[in-house]
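We're numbering straight along the sequence, starting at 1.
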Amino acid sequence: MKDKDKDKTNVMRVLDSKKISYEKHTYEADPTLTGEEIAGILGESVEHVFKTLVTVAKTGEHYVFVIPVAEELNLKKAAKAAGEKSIDMIKQKELLPLTGYVHGGCSPVGMKKPFKTFVHSTAETLDKIYVSAGRVGAQIELSVKDLQAVVGFSYADVC
C-alpha cells in the first residue's frame, strides 16, 4: 500500500475505484460531537451535512436512510418509503458486523453489502452533500449526482 493510501478509508477507495471526485474533510475524532457541531466544524450549513442510519424491518430486511444531521428519521415515513409495515433502528452492536462501520462513522458508500438506500428528498435540490468518510472524524464532500451513481438510492421524505 502506498503511503498516501494509508489514510484512505474504504469509502475513499470505493470512490477512487469508480473515478468519482470528492473532497476529504477531517477533524478531531470525538464521538460525542453532534451532527450540527460537525457541520459547524466543516463551516457548512446543516442542510448539506447528512447522517447515515441503518434500520431493520419486521421482515428482516435492512434499509439505509441518509438524512440531514439536524433532522430525525420518522420511522412511519421510512417504513412507507421502503414498502414495509414497520421499521426500527438496528441495535448499535449490530452496526459494525452488518455494515463494516462503527457508530458515528457509518457511510452509505462501501458497506459490506448493498442495502436499499433512501436519501431525504431535500438532497434533490443540493449540488453537494457531506456524508461520513467511513470513520469518526472524517467526512467526504461530493456531488449528489456522484453519490447517486455509487449508491443507487431513491429520494424520499423520511423526516
Test side chain to side chain contact (heavy atoms under 4.5 Å, CB included) on T99 and K112 and set out the steps. CA-CA 5 Å; T99 66; K112 281 185 174 180; 5.9 Å; no
Any chance you could measure [X], atom [atom1], to [Y], atom [atom2], to the nearest 0.5 Å?
X    : Y    : atom1 : atom2 : value
E94  : K91  : CD    : NZ    : 6.0 Å
I140 : K24  : CD1   : NZ    : 11.5 Å
E47  : T125 : CD    : OG1   : 9.5 Å
E72  : L53  : CD    : CG    : 10.0 Å
Q92  : L96  : CD    : CG    : 10.5 Å
L147 : K128 : CG    : NZ    : 14.5 Å

Heavy-atom pair with the smallest gap, counting every atom of [X] and [Y]:
X    : Y    : result
A149 : I20  : CB-CD1, 4.5 Å
P31  : V136 : N-CG1, 4.2 Å
F118 : A156 : CD2-CB, 4.0 Å
S21  : D146 : O-OD2, 4.0 Å
A123 : I129 : CB-CD1, 4.4 Å
L33  : I41  : CD1-CD1, 3.7 Å

Cluster overlap [X] with [Y], hydrophobic side-chain contacts below 4.5 Å:
X   : Y    : value
V66 : V151 : yes
L75 : V54  : no
I67 : V150 : no
L98 : V102 : no
F65 : F115 : no

Can you name the ring-ring contact (aromatic ring centres under 6.0 Å, His included) partners of F50, sequence neighbours left out?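 F50: no ring-ring contact (aromatic ring centres under 6.0 Å, His included) contacts found.
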In chain order, what residues pass the ring-ring contact (aromatic ring centres under 6.0 Å, His included) check against H48, with sequence neighbours excluded?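 If we apply the ring-ring contact (aromatic ring centres under 6.0 Å, His included) test to H48, skipping adjacent residues, there are no hits.
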Would you say E71 and H120 are linked by a side-chain donor-acceptor pair, where the criterion is simply a distance under 3.5 Å?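 There is no such pair between these side chains.
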Just by distance, do the side chain of [X] and the backbone of [Y] share a donor-acceptor pair under 3.5 Å?
X    : Y    : result
T117 : F153 : no
S132 : S107 : no
E37  : T34  : yes
Y101 : G110 : yes
K116 : Y63  : no

Do K58 and D88 sit within salt-bridge range, that is, some charged N less than 4.0 Å from a carboxylate O?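 Yes, K58 and D88 are salt-bridged.
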Go through it in stages, so that I can follow the logic: the residues are E84 and T59, the test is side chain to side chain donor-acceptor pair (under 3.5 Å), and I'd like the CA-CA distance, side-chain angles, deciding distance and then a yes or no. CA-CA 8 Å; E84 295 280 356; T59 60; 3.0 Å; yes
Any non-hydrogen side-chain atom of [X] less than 4.5 Å from a side-chain atom of [Y]?
X   : Y    : value
P68 : V46  : no
Y22 : V109 : no
L42 : E141 : no

So with a 6.0 Å cut-off around NZ of K80, is the heavy-atom count from everything else above 12?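 No, NZ of K80 has 12 or fewer neighbouring heavy atoms, counting only those of other groups under 6.0 Å.
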Side chain to side chain contact (heavy atoms under 4.5 Å, CB included) evaluation trace for L73 with M89: CA-CA 9 Å; L73 183 65; M89 297 300 298; 3.9 Å; yes
As a quick check of understanding, evaluate side chain to side chain contact (heavy atoms under 4.5 Å, CB included) for I38 and Q139, giving each step before the final call. CA-CA 9 Å; I38 292 168; Q139 297 277 313; 4.2 Å; yes
When Y130 is tested against each of E44, K51, E23 for side-chain hydrogen bond (donor to acceptor under 3.5 Å, both in side chains), which residue passes?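 The single option meeting the side-chain hydrogen bond (donor to acceptor under 3.5 Å, both in side chains) with Y130 is E44.
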